[in-house]
*Asks:* 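Dropping the structure in here first, questions after.
Side chains included, hydrogens not; waters and symmetry mates left out as well; all remaining heavy atoms used. These figures come from a predicted structure and were not determined experimentally.
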Amino acid sequence: MTATASPAKRAPEGTAGDGGKGRGRRGGRRVPATVRFAAGPVGFALRLRVLLACAVLLALAFVALVASLAMGDYELPWSDVVAALFGGGPDDAELIVHELRLPRALVAVMVGFALGLAGAVFQAVTRNPLAGPDIVGITAGAGAGAVIAILAGGVGTGASATYGPVPLGALVGAIGTGLLVYFLAFRQGTITGYGFVLVGIAANGMLVAFTRWALARVDIDAATRATAWLTGSLENRDYTQVRWMAIGLVVLVPPLVLLVRPYRMLQFGDDIATGLGVPTRAARTGMLLVGTCLAALATACAGPVVFVALAAPQVARGLAGTAEIPLFTAGFAGAVIVGGSDLLARTAFPETVPVGIVTGLIGAPYLLWFLGRANKVGRGG
């Protein structure tokens with residue numbers, strides 16, 4: 001495979017028929033620099049700024065990972081942490097890194113990556129920046145499924161649960177809710193972002209009410225376990241969760257890679273996508289199914305970590321400077337958000353708090369700012 005870079009060039013000032021006065025749609029604008037990859041007759045191009053954004057986010061995710069491994073009750077030098085990651089370093093550093101801290105840090109990064117991808121899929125396919133798993137009931141469905149498992153006598157919210165009924169209930173609840181919202185919002189052969197969000201908000205409200213009612217009926221020990229899970233916690237995570245997150249990502253990411261072209265085309269509307277040969281109904285169904293499974297996987301492993309899927313796609317779009325949401329850039333942004341939030345959850349408070357509380361503290365002001373900005377733009381401000 002070969003890679004070539006094309007520098008940014010200024011687009012022609014005018015187009016045919018406009019008198020050369022720059023009234024063309026791209027008149028006077030700078031064409032973004034791209035990097036082209038080619039392997040024989042097959043090739044593709046990526047914007048240089050998107051690649052740079054991915055590189056920066058990956059570097060930040062690695063810094064958050066190393067900082068999470070180094071900081072804690074027993075501080076470790078960063079050099080020892082990096083050496084332990086690559087099979088060297090002192091014995092005490094290897095023990096602390098590999099046995100105590102690395103599983104939690106890896107789960108945080110992978111959960112964030114999955115939530116970032118899920119949020120990008122929901123927002124891009126529905127063309128609505130509020131169509132995230134937290135808003136449309138996927139997270140609430142996972143919570144309801146977990147509480148049902150607890151009501152049925154299930155345990156296994158801790159690290160020892162490989163096939164625990166609580167994570168399994170969360171997985172089934174999230175996927176079931178996603179399918180229900182999709183089919184209720186489906187009308188006349190298509191689905192609108194506005195309708196999808198409205199149906200999802202209604203489902204979210206009903207599921208939250210059911211979860212609260214169910215928690216009032218269980219004994220105090222079960223309610224305590226459920227409440228800890230419902231806040232979104234990475235406490236006591238081990239390599240069991242790491243393996244399941246890794247397996248889930250290996251299964252779910254390749255279909256997204258195959259659906260990248262429909263993913264990009266659908267962001268410009270069904271008419272354009274159909275005109276370019278995209279089977280919009282099948283592509284949208286497939287992407288929403290994969291996005292729901294990604295959100296369900298992350299929620300089953302860490303509980304409801306709120307606002308990550310809502311914020312990560314918009315952060316990625318801002319960094320990449322694109323009109324559409326860059327898919328994997330959003331995943332890397334989610335990894336940075338959850339990895340950094342988990343670091344703050346362990347080190348910035350007198351006692352360790354659930355990571356979902358930190359993401360909520362960060363995400364709630366972001367949502368208010370976003371809604372205020374959208375209202376201002378809508379009024380022409």
Side-chain angles (χ1 to χ4, degrees), residues 113-142 144-145 170-204 206-207 247-300 308-310 312-313 316-317 323-331 334:
F113 182 69
L115 289 175
L117 291 179
V121 168
F122 277 97
Q123 293 182 21
V125 171
T126 62
R127 303 179 67 198
N128 192 316
L130 294 180
D134 306 330
I135 305 297
V136 300
I138 307 300
T139 300
L171 191 67
V172 173
I175 294 175
T177 302
L179 294 175
L180 178 64
V181 171
Y182 176 83
F183 287 113
L184 287 178
F186 192 84
R187 289 290 184 274
Q188 297 179 349
T190 187
I191 182 172
T192 64
Y194 183 74
F196 188 84
V197 171
L198 285 181
V199 173
I201 290 174
N204 184 78
M206 290 187 293
L207 290 166
I247 292 171
L249 290 175
V250 167
V251 171
L252 294 173
V253 169
L256 277 185
V257 174
L258 296 176
L259 291 168
V260 162
R261 182 175 180 272
Y263 166 86
R264 296 186 64 189
M265 295 300 102
L266 282 172
Q267 295 185 61
F268 299 103
D270 284 6
D271 292 339
I272 293 177
T274 302
L276 293 172
V278 175
T280 55
R281 180 175 178 178
R284 180 178 283 108
T285 301
M287 282 185 284
L288 287 177
L289 179 61
V290 175
T292 299
C293 290
L294 283 167
L297 174 69
T299 307
V308 177
L310 183 69
R317 179 157 59 181
E324 70 275 6
I325 299 172
L327 180 60
F328 290 99
T329 312

*Asks:* Do you know which two heavy atoms are closest between N128 and V197, and how far apart they sit?
*Replies:*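 So the minimum-distance heavy-atom pair works out to ND2-CG2, 3.5 Å.
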*Asks:* I need the minimum non-hydrogen distance between A120 and A330, along with the two atoms involved.
*Replies:*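 It is CB-CB, 3.7 Å.
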*Asks:* Going by heavy atoms in the side chains, are Q123 and L130 under 4.5 Å from each other?
*Replies:*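 Q123 does not reach L130 side chain to side chain.
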*Asks:* Can you name the residues that form a side chain to side chain contact (heavy atoms under 4.5 Å, CB included) with P262, not counting sequence neighbours?
*Replies:*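 Checked P262 against side chain to side chain contact (heavy atoms under 4.5 Å, CB included); matches are L259, V278, A283, M287.
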*Asks:* Using 30° and 60° as the class boundaries, would you call the ring planes of F122 and F196 parallel, tilted or perpendicular?
*Replies:*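 F122 vs F196 ring planes: tilted.
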*Asks:* Can you give the donor-acceptor pairs under 3.5 Å from side chains of residues 133-140 to other protein atoms, not counting sequence neighbours?
*Replies:*
residue : atom : partner : partner atom : Å
D134    : OD1  : T139    : OG1          : 3.0
D134    : OD2  : F307    : N            : 2.5

*Asks:* Can you tell me how far OG1 of T126 sits from CD of Q267, rounded to the nearest 0.5 angstrom?
*Replies:*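 If we round to the nearest 0.5 Å, Q267:CD and T126:OG1 are 9.5 Å apart.
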*Asks:* Verify, without hydrogens or angle tests, whether R317 (side chain) and I325 (backbone) share a donor-acceptor contact under 3.5 angstrom.
*Replies:*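 Answer holds: no.
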*Asks:* How close do L249 and P254 get, counting heavy atoms only, and between which atoms?
*Replies:*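 Result for this residue pair: O-CD, 3.9 Å.
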*Asks:* Contact between V257 and F328 at the side-chain level, heavy atoms closer than 4.5 Å - yes or no?
*Replies:*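 Sidechains of F328 and V257: in contact.
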*Asks:* Holding to side chain to side chain contact (heavy atoms under 4.5 Å, CB included), I want the full list of residues that pass it with V199, two or more places apart in sequence or in another chain.
*Replies:*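 Side chain to side chain contact (heavy atoms under 4.5 Å, CB included) list for V199, sorted by chain: V181, L184, A185.
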*Asks:* If I compare all heavy atoms of A174 with all of T292, which pair ends up nearest, and what's the gap?
*Replies:*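 Looking at all heavy atoms of both residues, the shortest contact is O-CG2, 3.6 Å.
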*Asks:* Kindly indicate whether the side chain of F268, heavy atoms from C-beta on, has any atom under 4.5 Å from the side chain of R127.
*Replies:*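 No, side chains not in contact.
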*Asks:* Identify the two heavy atoms, one from R261 and one from L276, that lie closest to each other, and give their separation to 0.1 Å.
*Replies:*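 Nearest heavy atoms, R261 then L276: NH2-O, 2.9 Å.
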*Asks:* Y263: what forms a ring-ring contact (aromatic ring centres under 6.0 Å, His included) with it, not counting sequence neighbours?
*Replies:*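 Here no residue qualifies.
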*Asks:* CG of L289 to CD1 of I175: how many Å apart, nearest 0.5 Å?
*Replies:*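 The CG atom of L289 sits 7.5 Å away from the CD1 atom of I175.
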*Asks:* Roughly how far, to the nearest 0.5 Å, is CG of L115 from OG1 of T299?
*Replies:*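 It comes to 6.0 Å.
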*Asks:* Return the set of residues passing side chain to side chain contact (heavy atoms under 4.5 Å, CB included) with V250 (not counting sequence neighbours), or none when no residue passes.
*Replies:*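 For V250 there are no side chain to side chain contact (heavy atoms under 4.5 Å, CB included) partners, ignoring immediate neighbours.
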*Asks:* V308 and P313: which non-hydrogen atoms are nearest, and at how many Å?
*Replies:*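 Heavy atoms of V308 and P313 come nearest at O-CD, 4.3 Å.
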*Asks:* Taking only residues two or more places apart in sequence or in another chain, which ones pass side chain to side chain contact (heavy atoms under 4.5 Å, CB included) with L256?
*Replies:*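 By the side chain to side chain contact (heavy atoms under 4.5 Å, CB included) rule, L256 matches L117, V121, V290, L294, L327.
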